[in-house]
Protein chains: 2
Amino acid sequence: MSIKDVAARAGVSWKTVSNVVNERPVVRPETAERVRGAIDELGYVPNHVGRDLRGGSTRTIALVLPELANPYFAILAERIQKAAGERGYTVSVELSLGDREVERDHLVGRTARPVDAVILSPMALEPSDLVGLSAATPLVLLGEAVPAGENVFHVAIDNAGSAVDVVRHLVDGGRSRPLFLGAEEGQRSTGAERLAGFRAACRYAGIELDPSLIRRADVWDRATGRAVVAEAIDGGLAFDAIVAANDLLGIGALAALREHGRAVPDEVAVVGWDDLPESAYAVPSLSSIAPDLEALVSAALDAAMGVMPTAGDRVGVAAHEIVVPHRLQVRGSSVSAGSARR
Amino acid sequence: MSIKDVAARAGVSWKTVSNVVNERPVVRPETAERVRGAIDELGYVPNHVGRDLRGGSTRTIALVLPELANPYFAILAERIQKAAGERGYTVSVELSLGDREVERDHLVGRTARPVDAVILSPMALEPSDLVGLSAATPLVLLGEAVPAGENVFHVAIDNAGSAVDVVRHLVDGGRSRPLFLGAEEGQRSTGAERLAGFRAACRYAGIELDPSLIRRADVWDRATGRAVVAEAIDGGLAFDAIVAANDLLGIGALAALREHGRAVPDEVAVVGWDDLPESAYAVPSLSSIAPDLEALVSAALDAAMGVMPTAGDRVGVAAHEIVVPHRLQVRGSSVSAGSARR
DNA sequence: CTGAAAGCGCTTACAG
DNA sequence: CTGAAAGCGCTTACAG
């Protein structure tokens with residue numbers, strides 16, 4: 001079942017079928033109609049492999065994510081795939097599983113099948129992998145800031161700024177000893193930026209940060225959040241709030257606090273990032289920084305498809321930095337039921 | 001950068017490069033070594049599009065799922081992708097978003113790019129879509145049973161049997177008015193099979209089932225679970241247990257019970273299916289039927305790759321039915337803290 | 001507006 | 001063991 005069968009059926013050359021399929025306005029309407037009829041009758045679907053091999057646009061975008069077990073990535077994948085589909089694009093979801101080599105291969109387009117663009121959420125990349133990077137095909141980095149070059153974009157919320165919002169909310173609620181859960185080394189990783197905003201806001205608020213209040217988390221999942229907080233409590237550390245670098249860590253923190261008899265939010269407030277659906281069902285429900293996913297998805301796709309994003313973009317020296325809005329979704333984990341506070 | 005560049009570099013014909021890449025044992029070891037050297041130096045990655053077009057194996061499997069927002073599917077996708085990668089296969093994750101047409105296209109291979117096999121978790125398929133189905137390429141149906149034909153496989157847990165396990169557990173705990181949440185019409189859908197097992201076990205236990213205890217859920221998510229249970233409570237319905245057709249519904253049920261002041265598990269026990277990671281963090285933690293995901297993944301891949309699954313398979317009249325083990329993970333939502341009952 | 005030719009990168013027979 | 005040819009389905013120039 002190929003373009004030739006359709007051509008034979010419609011009584012035209014296969015080139016004409018190609019023109020109809022690609023909606024090129026060079027075919028006489030009645031001919032086009034006849035061709036479309038033949039396509040329907042035969043149930044013909046154009047074989048993209050032919051196009052792909054020929055070169056030119058594949059209408060496919062690779063989406064490279066560390067994992068899908070974190071619902072944030074799963075939901076992101078679903079929304080990007082849906083939005084891309086509406087624009088006539090196919091998304092190929094690739095899992096890096098935190099393998100630097102895999103991420104690097106996608107970064108430089110060393111892959112077995114061609115794509116028009118790559119949207120990559122880095123996890124294991126080293127800064128050196130990004131130095132002097134300039135892509136033949138659009139490359140959109142999510143989450144990690146990058147001193148990027150030609151054709152390289154960066155789409156994310158203002159991580160440091162959102163951390164400031166979290167600290168302000170906690171300070172407004174009377175908290176004075178916040179623990180940061182999910183600290184990361186490095187300059188530009190998500191964890192490092194959230195921590196930097198946290199530190200700055202604490203300093204502004206006159207909070208002195210005991211180094212033991214800054215805790216790393218090897219993996220940003222529920223079990224690690226629970227273990228790190230349990231360890232902090234068992235170690236006798238005093239704190240009245242937890243700023244968790246993502247909601248999964250925050251949900252783990254809630255479990256540890258519950259198991260150790262610490263009342264949330266009365267004794268300890270908890271706030272996370274991502275605003276996962278399950279966070280609204282946590283007990284107590286988890287306050288969280290909610291990225292504007294719709295804006296994030298459309299900015300990433302605009303950049304990937306070569307449409308310069310207009311609203312809210314900030315073009316840096318060499319890189320295209322797109323900052324997506326966020327808001328703090330306040331829930332029961334950071335505000336007492338009786339309180340009427342924002 | 002193509003096979004020809006590598007051939008030139010290594011001083012052999014490109015056919016020889018192809019033989020090395022495909023590990024055909026017809027190349028002299030020293031020649032192969034030289035070719036591999038050239039491949040590394042040039043950073044050559046074989047272009048799969050050439051292979052795909054040529055016909056023969058693509059080493060790619062399409063995984064068609066309704067969505068990724070349900071963590072069960074997200075985790076399944078991740079595990080299938082990981083396991084397939086270890087076997088040298090690529091997985092292409094496609095979202096049907098509950099669109100019958102999309103599911104049907106994949107069912108009959110009417111897609112833009114060829115794959116070696118399709119693993120499909122149906123959501124919107126009608127029974128008539130499956131009648132007389134026989135696939136040119138292996139087709140693995142997950143979740144829905146199917147009266148299938150040549151090259152069509154079915155991999156799932158024993159849905160009815162697992163529902164019996166749930167009811168037995170509840171009856172052992174002294175429950176006598178269980179509500180079923182997530183009832184479905186039809187003969188062979190997941191919801192229908194779980195409901196059938198539920199009904200049978202209740203009858204065996206001498207429990208009379210008021211029809212109002214059988215509740216539908218249009219979508220199997222948290223919000224719907226919450227809404228349906230809230231409605232049941234508001235309607236004055238009496239029940240002492242909820243059998244939720246999946247964990248998301250169960251988590252929604254827990255929220256509704258909490259909001260209505262019903263103690264879990266003392267007044268109402270709750271059990272779900274899927275054993276999501278978040279279920280262990282629910283409050284109280286949610287009891288659930290845990291499918292053996294490792295067995296499910298490897299059975300699905302075996303079938304997709306044309307390896308006849310051996311362990312635990314049951315070959316039906318025309319169809320290949322593979323039944324995967326499950327177990328009931330008992331947690332706080334169905335057993336009082338003090339109780340030592342299984 | 002339509003037709004005939006060339007070529008994308010690869011693999012599969014077929015010769016040597 | 002290695003080489004030269006054909007062809008997978010499509011699109012891109014190039015003629016008519």
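A note on names: the letters A, B, ... follow the listed sequences, proteins ahead of strands, and every chain is numbered from 1. Here the structure is a predicted model, which means the values were calculated and not measured.
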Query - Under 4.0 angstrom between B:Thr16 side-chain N/O and D:dG3 OP1 or OP2 - result: yes
Requested in this report: Check whether any side-chain N or O of B:Thr31 sits under 4.0 Å from OP1 or OP2 of D:dT2, and answer yes or no.
Outcome: yes
Query raised in the report: Taking C-beta and beyond as the side chain, do A:Val118 and A:Ile61 meet within less than 4.5 Å on heavy atoms?
Result: no
Requested in this report: Determine, for B:Glu86 against B:Lys82, whether the closest basic-nitrogen to carboxylate-oxygen distance falls under 4.0 angstrom.
Outcome: no
Report task. Using a strict 4.0 Å threshold on nitrogen-to-oxygen distance, state whether B:Glu101 and B:Arg104 make a salt bridge. Result -> yes
Any side-chain donor-acceptor pair under 3.5 Å between [X] and [Y]?
X: A:Ser92; Y: A:Glu94; result: yes
X: B:Arg113; Y: A:Thr90; result: no
X: B:Asp52; Y: B:Thr58; result: no

**Report entry** Per-nucleotide protein contact string for nucleotides 7-16 of chain C, where B marks a base within reach and S marks sugar-phosphate only (heavy atoms under 4.0 Å, - for neither)
**Finding:** BBBBBB----
Query raised in the report: What do the steps show when you test A:Trp14 against A:Val6 for side chain to side chain contact (heavy atoms under 4.5 Å, CB included), and what is the final call?
Result: CA-CA 8 Å; A:Trp14 46 315; A:Val6 177; over 6 Å; no
Report task. State which residues pass side-chain contact (heavy atoms from CB on, under 4.5 Å) with A:Asn19; sequence neighbours excluded, sorted by chain then number. Result -> A:Lys15, A:Arg24, A:Val26, A:Val27
**Report entry** Base-pairing string, 5' to 3', of DNA chain D - Watson-Crick or wobble, under 3.5 Å, | interstrand
**Finding:** |||.||||||||.|||
